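In what follows, a single structure is set out as structure tokens and then discussed.
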Amino acid sequence: MFEETRRTIGIAIARLFLGRKDAAPVTFSTLFTSARTALVIIPENQQHRTVVLPALQQLQNKFQGNRLTIIVNETFRELAGPFSRSTVVPVAKDHLNFFFLPKRSFFHRVLNQRYDVVVDLNLTLVPTGAYFARSVNAPLKVGFSQEHADAFYNFQFAAAPNRNPKMRYEQLLRTLSMF
């Protein structure tokens, strides 16, 4: 219970205190299809991680070479093999502060790089995903629709809550491919 309170406070800190530049108007018409670099945040939920792999493979095919950076929990190490063409950045417990927000010193290179797209594949708001979505410089920030999501994402996908996670990820990618 105490851990969940710390996570909630972490999200509130990210929402209220992390620097946010005034968002410039964005035209979504070709923003995703013309994107060249992407930062993808893998779900913290272990069950969702296994079903997100096909969607992640599609993203790797779109952002070939080292143009795809993947943020993943350190416990999901087996991801590095199939996605060796991408940059995989593990997040360990010692990389996070008390409120589960990433420490800037560990992710300096990721935070200072410019991405065309940030895609947070967590179905719920988690401090790590919220932090990267808020801190990274990208014109398109994609996440699932939920309370306070508008503070982190400028493109929110509202998937049917009764659908399984695999279907939600497939729907998200189909929707993004229209833009």
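None of these values were measured; they are calculated from a predicted model. Excluded from the calculations below are hydrogen atoms, water molecules and symmetry mates; all remaining heavy atoms, backbone and side chain alike, are included.
- Within the 3.5 Å criterion, the main-chain N or O of Arg15 finds a donor-acceptor partner in the side chain of Arg134.
- The hydrophobic clustering, which links ILVMFWY residues whose side-chain heavy atoms are closer than 4.5 Å, places Val126 and Phe2 apart.
- With values rounded to the nearest 0.5 angstrom, Phe152 atom CZ is found 10.5 Å from Lys141 atom NZ.
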Quick one, Ile41 with Val118, criterion side-chain contact (heavy atoms from CB on, under 4.5 Å). Give me CA distance, side-chain angles, the key distance, then yes/no. CA-CA 8 Å; Ile41 303 155; Val118 174; 4.1 Å; yes
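- Closest approach of Ala35 to Phe63, counting heavy atoms only: O-CE2, 3.5 Å.
- The aromatic rings of His95 and Phe106 are tilted relative to each other, their planes meeting at an angle between 30° and 60°.
- No side-chain heavy atom of Ile13 sits less than 4.5 Å from a side-chain heavy atom of Phe100.
- The minimum heavy-atom distance between Ser86 and Gln60, with the atom names listed, is OG-NE2, 3.2 Å.
- The number of heavy-atom neighbours closer than 6.0 Å to CD of Gln64, taken from other residues, nucleotides and ligands shown, is above 12.
- For the pairing with Phe107, the side-chain contact (heavy atoms from CB on, under 4.5 Å) check across Val91, Val136, Thr128, Asn112 returns one residue only, Val91.
- Note: the hydrophobic cluster containing Val89 also contains Tyr131 (ILVMFWY, side chain heavy atoms under 4.5 Å, direct or indirect links).
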One pair to check against side-chain contact (heavy atoms from CB on, under 4.5 Å): Leu56 and Ile70. What are the steps and the verdict? CA-CA 9 Å; Leu56 193 55; Ile70 303 169; 4.1 Å; yes
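- For the pair Asn61/Arg85, a side-chain contact is recorded, criterion being any heavy-atom separation below 4.5 Å from C-beta on.
- For the atom pair CZ (Arg174) and CD (Gln58), the distance works out to 9.0 Å, reported to the nearest 0.5 Å.
- Within the 3.5 Å criterion, the main-chain N or O of Phe76 finds no donor-acceptor partner in the side chain of Asn73.
- Looking only at distances, a side-chain donor or acceptor of Arg6 sits under 3.5 Å from a matching main-chain atom of Phe98.
- Nearest heavy atom pair, residue Ser135 against residue Leu111, reads CB-CD2, 3.7 Å.
- Under a 3.5 Å cut-off, the side chain of Ser145 and the backbone N or O of Phe157 do not form any donor-acceptor pair.
- The distance from the CG atom of Asp120 to the CG atom of Leu172 is 10.0 Å, given to the nearest 0.5 Å.
- Rounded to the nearest 0.5 Å, atoms CG (Asn122) and NE2 (His48) are 9.5 Å apart.
- The heavy-atom pair separating Ala159 from Arg168 by the smallest distance is CB-CG, 3.5 Å.
- You'll find the side chain of Phe144 reaches within 4.5 Å of the side chain of Tyr169, heavy atoms only.
- Rounding to the nearest 0.5 angstrom, the gap separating the CG atom in Asp116 from the CG atom in Leu31 is 7.5 Å.
- Remark: aromatic rings of Phe32 and Phe155 are distant, center separation not under 6.0 Å.
- Counting heavy atoms from C-beta on, the side chains of Leu123 and Asn45 never come closer than 4.5 Å.
- Proximity of Gln156 to Asp150: side-chain heavy atoms (C-beta onward) are separated by under 4.5 Å at one or more points.
- Shortest non-hydrogen contact noted between Glu74 and Pro90 is CA-CB, 4.3 Å.
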side-chain contact (heavy atoms from CB on, under 4.5 Å) evaluation trace for Gln146 with Thr124: CA-CA 7 Å; Gln146 55 211 306; Thr124 60; 3.9 Å; yes
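- Counted by atom type alone, Thr69 and Arg109 present zero donor-acceptor pairs between their side chains at under 3.5 Å.
- Cluster annotation: Val117 is connected to Leu176 through the hydrophobic network of ILVMFWY side chains, with a link wherever side-chain heavy atoms come within less than 4.5 Å.
- Heavy atoms only, all atoms of each residue included: Thr37 and Tyr115 are closest at OG1-CA, 3.3 Å.
- Counting non-hydrogen atoms of neighbouring residues, nucleotides and ligands closer than 6.0 angstrom, the NZ atom of Lys62 exceeds 12 such neighbours.
- Looking at Pro165 and Arg49, their side chains never come closer than 4.5 Å, going by heavy atoms from C-beta outward.
- Taking CG of Leu59 as the reference point, atom CG of Leu39 lies at 11.0 Å (rounded to 0.5 Å).
- Under the 4.5 Å side-chain criterion, counting only non-hydrogen atoms from C-beta, Phe132 is in contact with Pro102.
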